[in-house]
> 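I'd like to ask you about the structure that follows.
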Amino acid sequence: MADKKINLTLKVWRQRGPKEKGEFKTYEAKNVSTDESFLEMLDQVNENLVKKGEDPIVFDHDCREGICGSCGFMINGDAHGPQKSTTVCQLHMRAFKDGEVLTLEPWRATAFPIQKDLMVDRSALDRIVQSGGFITANTGSAQDANSILIPKTKADEAFESATCIGCGACVASCKNAAAHLFTSAKISHLALLPQGEVEAERRALRMVAQMDAEGFGACTSTGACSASCPKDISLTNIARMNREYLKASINRKEESGGGGDG
Amino acid sequence: MASNFDSRIPGGPLDSKWTQHKFNMKLVNPANKRKHSVIVVGTGLAGASAAASMGELGYQVKAFCVHESPRRAHSVAAQGGINAAKNYQNDGDSIFRLFYDTVKGGDFRAREANVYRLAQLSVDIIDQAVAQGVPLAREYGGLLANRSFGGAQVSRTFYARGQTGQQLLLGAYSGMMRQVDGGNVQLYSRREMLDLVMIDGKARGIIVRNLLTGEIESHEADCVVMCTGGYSNVFFLSTNAMACAVTAAWRAHKRGAYFANPCFTQIHPTCIPVHGDLQSKLTLMSESLRNDGRVWVPKNKGDKRAAKDIPEAERDYYLERIYPSFGNLAPRDIASRQAKFRCDEGRGVGETGQAVYLDFSDAIKRLGRDKIAERYGNLFQMYEKITGENPYETPMKIYPAPHYTMGGLWVDYNLMSTIPGLFVAGEANFSDHGANRLGASALMQGLADGYFVVPYTVSDYIANNKVEKVSTSHEAFKAAAEGVRAEISKLMSVKGTRTVDSFHKELGRLMWEHCGMSRNEKGLKEALVQIPKLREAFWSDVRIPGDANEINTELEKACRVADFIELGELMCRDALERKESCGGHFRDEYQTPDNEALRDDQNFCHVAAWEWKGASQPPVRHQEELKFENIKLSARSYK
Ligand SMILES: Cc1cc2nc3c(=O)[nH]c(=O)nc-3n(C[C@H](O)[C@H](O)[C@H](O)COP(=O)(O)OP(=O)(O)OC[C@H]3O[C@@H](n4cnc5c(N)ncnc54)[C@H](O)[C@@H]3O)c2cc1C
Ligand code: SF4
Ligand code: FES
């Protein structure tokens, strides 16, 4: 496809460090090829800033294929920008028109402190996984992989939940900054598999407790999370998490907090 | 020569070497394990699996990564699958066949004993992954599914739709996070290793830059395991993620670890072609697509008609024509080279003429659009997002791109480098893939190394060596940290006119042209003149804005590019010295009449391991001879 060239105005949130005050600054992105990705467009803006001796705009990114979950910021209020099911690294400039003004802002949530410009700290999501997002299976202790049959539909459903890339867009799009979609995707993925059933209750209790402890908000079922999710993680995961949590609370035999069994 | 340059391949028959070796290795008393510490650098498949397994054993593990979260390591991007000799399909697979395919696929430039062990361990990996909840693809009956990959005639590849890497990594990561919760693994993310610290000739720690604060930190342990991935980004444009770098490996090389076969790089045949100068990376289209996609170019030069207007009789399905028995599933090095030949002949397609078609129309006719969508839906979607074209309707355009590096730090059978106490696992070591890696074998190797090899060999090392506790106030740590600080301030003080990327792109162009899909003496010599000039220009004209004591992405890139430039030079030297063609290393001067790679087993049946001799002296090339006792050395044929 032949590319076109467009010009854009960017209003970008600049913030030097976690404790500094931030502000919007305006930049012109000129002569942008519509075949470029959004991040390549920012690379170009940054090259020009560096040549002038100015600090480039900092944003997280790595794979640029929509799978590592590093990238992500708001474009005109939309997490990862206007295109559905697409991370910002996969968003291409043909989605924009010549002359558009774009406002770029970092994810905003108490549990995601801003590090610099558009880069935030999402380690709270790691700590949620750490609290129970695993199956206890020491290396070397496994039986033959085909000894437990798993119906294809079940396996596919678990896979769908497991496709979450941990980008945090769901939190950023939620007016309560809730992490329910992320947490429930992990809980569902493991609870759907026979291997994960054994620890399902403990997992649900501990992960939900950790989610609250990190300062994520409550879920009021607006569905904004799923709408903005680049991997289309479905709201049924949240319903399943609520069920698992309720079941576990009723059967609660052990404390939800405290140290793990390593 | 380092006294440690000994492959230490255990004796005995091939199929019992590893079992016997495991028995002979020393164990550490369970109660003592927690008194011992191990640094693991990197949390990709190799690093996360090693950290999890050693944490489970009770060692105090410190795990480092440059990413914000360990789950974002580049392994996450692997698409197609992971091999294992399970023979679930009853199609004649076996450990020996996987071993054979890997040695042959690598064009007889890998160690038999290592490859055999890899094939043996492959089956345990799948068991481990399923136990962790990795949702591998299944059949309706509930059993695991398989697909075929290049270079094999059996179906042994396990997969999780188009994201096998992310699912396996999440498995290893969750195992590691369980150990973080249990207190046996301490996690240090957003840290970049910039030096290896040696005390009494042994690896005892690392110096890292905290990428959030710029602080230079020192960390000590009984030994160090590096799992820092490959160096394809030396080409600037590659399928690797942006932060993939040789830096950790290169710094260890400068401390005495030999670098093996640096010129063995893999150019993957099916990637989305380059679209312009501002492109930042290339996107892989998984090799699994070649199961159902047919590769072709027009028969006539300069045929500019749209693909659908070119009649069947005027299409050249060149892989099927040249390699009737493997067809579109010919190994990567061969498929890439053939694509290049077609484009060089003027039969390439697309605006640039640097592309060939990968066409699914026959498969869609045969299996239906839904079946194809189920197999490759996310890849098709990714293709459309990037190119704006719909591969269900028009064939994909693809071209080869740098993808994987078979070369890496030299290791012995225990995966220990020439530096005692420095282990290297995953893509970072010179690995088991010889001169060409078969598809779906890197995930296998990373996990075999991390779950099943390193935990044993590290224990053996700890049990055999009385490592005294050291503190980071030791002179060696201070000196190394000072060295890193001095280098950073040198970079910051250049204050030149050119951006880091401009140097990286220039290096990439030199490497692609002279040390890419085909190489020759003249080009390599030319590169060896140009690269030192580029290095000088870099150190006198690079511009890094901002401060070193804060997040500084330009400084991060500059440290990596400085090392890539030095590595590029070594790659060209290695390619120049290896006067034969084998696997991904194709020298124009050494080819058969029908343009296949011509090996020279008389003179080059060895691993070339390079020793750093300081900035002012050329490196020294050492040889590890390769012996083939179980497979006959023969010309590799896929016809
Ligand atoms: C697009 C793509 C698709 C692929 N598909 C397949 C496939 O289908 N099947 C297959 O078998 N193989 C595939 N491969 C190859 C395979 O993914 C890799 O070879 C493998 O995952 C490498 O794993 P690793 O653990 O060695 O390194 P990586 O996953 O690259 O991890 C490296 C780690 O080291 C850390 N690190 C690096 N440098 C430093 C430093 N200086 N300091 C601190 N930390 C550092 C990083 O943060 C990261 O955690 C693919 C590769 C690519 C690029
Ligand atoms: S649920 Fe979706 S939006 Fe949330 S972290 Fe996962 S992939 Fe991102
Ligand atoms: S950069 Fe990896 S998902 Fe966008």
Side-chain angles (χ1 to χ4, degrees), chain A residues 1 17 33 35-36 39-40 43-44 47 50-51 53-56 58 60-70 86 90 92 94 115-116 122-123 126 129-131 133-139 142-146 149-152 155 158-159 162-163 166 189-190 193 195-196 260-262, chain B residues 52-53 56 67-69 71-72 74 76-77 88 126-128 130-133 135 138-144 160-161 163 166-167 170 174-175 177-184 212 241-243 275-276 278-281 283 382 385-389 451 499 501 543 545-546 550-551 553-554:
Chain A
M1 275 211 342
S33 156
D35 276 351
E36 271 171 51
L39 299 188
E40 285 167 350
D43 289 345
Q44 202 182 332
E47 280 283 293
V50 173
K51 278 187 210 148
E54 290 178 39
D55 275 2
V58 171
D60 241 325
H61 66 104
D62 197 28
C63 73
R64 299 201 172 190
E65 294 189 2
I67 192 70
C68 72
S70 295
T86 306
Q90 288 220 294
H92 278 66
R94 59 184 84 88
Q115 300 285 8
K116 189 171 184 175
R122 290 163 290 191
S123 53
D126 284 326
V129 173
Q130 177 186 327
S131 72
F134 47 74
I135 291 174
T136 300
N138 280 358
T139 303
Q143 58 187 336
D144 184 83
N146 256 348
L149 299 180
I150 305 178
K152 183 172 186 317
F159 173 83
T163 58
H189 154 214
L190 297 175
L193 297 169
Q195 290 87 350
D261 60 359
Chain B
S53 307
E56 286 162 11
H67 296 91
E68 172 212 31
S69 161
R71 67 180 287 165
R72 308 203 195 287
H74 181 55
V76 79
Y88 283 160
I126 303 303
D127 299 343
Q128 177 65 20
V130 167
Q132 287 167 337
R138 286 180 185 267
E139 307 288 358
Y140 280 103
L143 296 166
L144 289 160
R161 214 163 298 167
Q163 51 171 264
Q166 151 146 282
Q167 295 311 325
L170 289 179
S174 69
M177 294 313 280
R178 181 165 69 93
Q179 294 307 312
V180 173
D181 191 47
N184 285 355
L212 295 178
M242 306 303 284
H275 62 64
L278 295 164
Q279 191 153 358
S280 57
K281 72 158 293 192
T283 302
M382 179 149 54
K385 272 179 196 158
I386 294 173
T387 63
E389 289 181 352
Y451 282 131
T499 63
D501 276 3
R543 172 163 212 160
E550 59 175 350
I551 296 177
T553 44
E554 290 298 308

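Chain identifiers are assigned alphabetically (A, B, ...) following the order of the sequence lines, protein sequences preceding nucleic acid strands; residue numbering begins at 1 within each chain.
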> Tell me, with the steps shown, if A:Asp43 and B:Gln279 meet side-chain contact (heavy atoms from CB on, under 4.5 Å).
CA-CA 9 Å; A:Asp43 289 345; B:Gln279 191 153 358; over 6 Å; no
> Below 4.5 Å from any heavy atom of chain A, which atoms of B:Leu143 appear? Answer side chain, backbone, both or neither.
both
> Please flag which part of B:Ser53 lies under 4.5 Å from any non-hydrogen atom of chain A: side chain, backbone, both or neither.
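Its backbone and side chain both get close to chain A.
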> Sort A:Ile150 into side chain, backbone, both or neither according to what part of it lies under 4.5 angstrom from a heavy atom of chain B.
both
> I'd like to check B:Pro135 versus A:His189 (side-chain heavy atoms, cut-off strictly below 4.5 Å). Are they in contact?
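A side-chain contact exists here, since the closest heavy-atom pair is under 4.5 Å.
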> Is A:Gln195 close to chain B through its backbone or its side chain, or both, or neither, when contacts mean heavy atoms under 4.5 Å?
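A:Gln195 touches chain B through side-chain heavy atoms alone.
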> Identify which of A:Ala162, A:Cys63, A:Ala142 forms the greatest number of heavy-atom pairs closer than 4.5 Å to chain B.
A:Ala162
> Taking every non-hydrogen pair under 4.5 Å, which of A:Ile135, A:Ile67, A:Leu39 racks up the most with chain B?
A:Ile67
> Heavy-atom distances under 4.5 Å only: say whether A:Gln44 touches chain B with side chain, backbone, both or neither.
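Contact with chain B involves the side chain of A:Gln44 alone.
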> Taking the side chain from A:Asn146 and the backbone from B:Leu144, do they hold a donor-acceptor pair closer than 3.5 Å?
yes
> Using heavy-atom distances under 4.5 Å, tell me whether A:Ser33 contacts chain B through its side chain, its backbone, both, or neither.
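When you check distances to chain B, no heavy atom of A:Ser33 falls under 4.5 Å.
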> Please look at A:Val58 and chain B and tell me whether the side chain, the backbone, both or neither of the residue comes under 4.5 angstrom of a heavy atom of that chain.
side chain
> If we define contacts as heavy-atom pairs under 4.5 Å, which of A:Pro151, A:Gly53, A:Ala158, A:Gly17 has the most with chain B?
A:Gly53
> Just verifying a value: how many Å separate B:Gln163 CD and A:Thr163 OG1, rounded to the nearest 0.5 Å?
5.5 Å
> Closest approach of B:Tyr88 and A:Asp144, non-hydrogen atoms and distance?
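Reported closest heavy-atom pair: OH-OD2, 2.8 Å.
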> Contact between B:Glu550 and A:Asp55 at the side-chain level, heavy atoms closer than 4.5 Å - yes or no?
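A side-chain contact exists here, since the closest heavy-atom pair is under 4.5 Å.
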> Give, as side chain, backbone, both or neither, the part of B:Gln167 having an atom under 4.5 angstrom from any heavy atom of chain A.
side chain
> Between A:Lys51 and B:Arg543, is any pair of side-chain heavy atoms under 4.5 Å apart?
no
> If I measure from the heavy atoms of chain B, does A:Asp62 come under 4.5 Å with its side chain, its backbone, both, or neither?
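Looking at A:Asp62, backbone and side chain both touch chain B.
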> Do A:Asn138 and B:Arg178 make a side-chain contact, defined as non-hydrogen atoms from C-beta onward lying under 4.5 Å apart?
yes
> Please check if the side chain of A:Lys116 supplies one atom and the backbone of B:Ile551 the other of a donor-acceptor pair under 3.5 Å.
yes
